[in-house]
> 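First the structure, which I've put down as structure tokens, then a few questions once you've had a look.
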Amino acid sequence: ALAGGLAFPHISRSNPIGANERIRIGVVGCGLISAGHRGFAGSRPDLRLDAVCDVRAEARERALEAARVRNPECAAYVDYGDILSRDDID
């Protein structure tokens, strides 16, 4: 039972994220499954999609266009290392 608690920690509602604090995320791979991830991020006020990444230009640009509806500052990358190197993405 303890191992399960360590593997899947529970996020307590008693310690909510403040109004000006968001978890900033990046999505690597902009295929069909990532559309669901982007949609989920867009539905959560505590998440902000700050970067998308894909080697395929068409998929990357499509994801960027969709992400910029909610975050005009979202950036697009070809190399996922560029997302990992950003210190502002959680």
> What's the spacing between N71 CG and E73 CD if we round to 0.5 Å?
5.5 Å
> Restricting to salt bridge (Lys or Arg N to Asp or Glu O under 4.0 Å), what partner residues turn up for D50, sequence neighbours left out?
R24, R48
> Is L64 close to C74 at the side-chain level, that is, under 4.5 Å between some pair of heavy atoms?
yes
> For the residue pair R22 and D90, what are the closest heavy atoms and their distance?
O-OD2, 3.8 Å
> Over all heavy atoms of both residues, which pair between A76 and R60 is shortest? Give the atoms and the distance, please.
CB-CG, 3.8 Å
> Which atom names give the shortest non-hydrogen contact between D46 and R44, and what distance separates them?
OD2-NH2, 2.6 Å
> Taking L49 as the starting point, is it possible to reach V28 by hopping between hydrophobic residues whose side chains are less than 4.5 Å apart?
no
> Among all residues two or more places apart in sequence or in another chain, which pass the side chain to side chain contact (heavy atoms under 4.5 Å, CB included) test with A41?
I25, L47
> Looking only at non-hydrogen atoms, find the nearest pair between I89 and G26 and report the distance.
CG2-N, 3.8 Å
> Applying side chain to side chain donor-acceptor pair (under 3.5 Å), can you list everything that pairs with R70, at least two apart in sequence or on another chain?
none
> Tracing side-chain links under 4.5 Å among I, L, V, M, F, W and Y, which residues wind up in one group with I33?
none
> If the condition is side chain to side chain donor-acceptor pair (under 3.5 Å), which residues does R68 pass it with, not counting sequence neighbours?
none
> Got a sec, which hydrophobics cluster with V69, joining ILVMFWY side chains under 4.5 Å apart, including via others?
none
> Where do C30 and E61 land on the side-chain contact (heavy atoms from CB on, under 4.5 Å) test, with the steps shown first?
CA-CA 9 Å; C30 297; E61 293 304 316; over 6 Å; no
> Examine V78 and Y80 and state if one hydrophobic cluster contains both, with Ile, Leu, Val, Met, Phe, Trp and Tyr joined whenever side-chain heavy atoms are less than 4.5 Å apart.
no
> Would you say I23 ends up clustered with V27 if hydrophobic residues are merged whenever their side chains have heavy atoms under 4.5 Å apart, either directly or through other cluster members?
yes
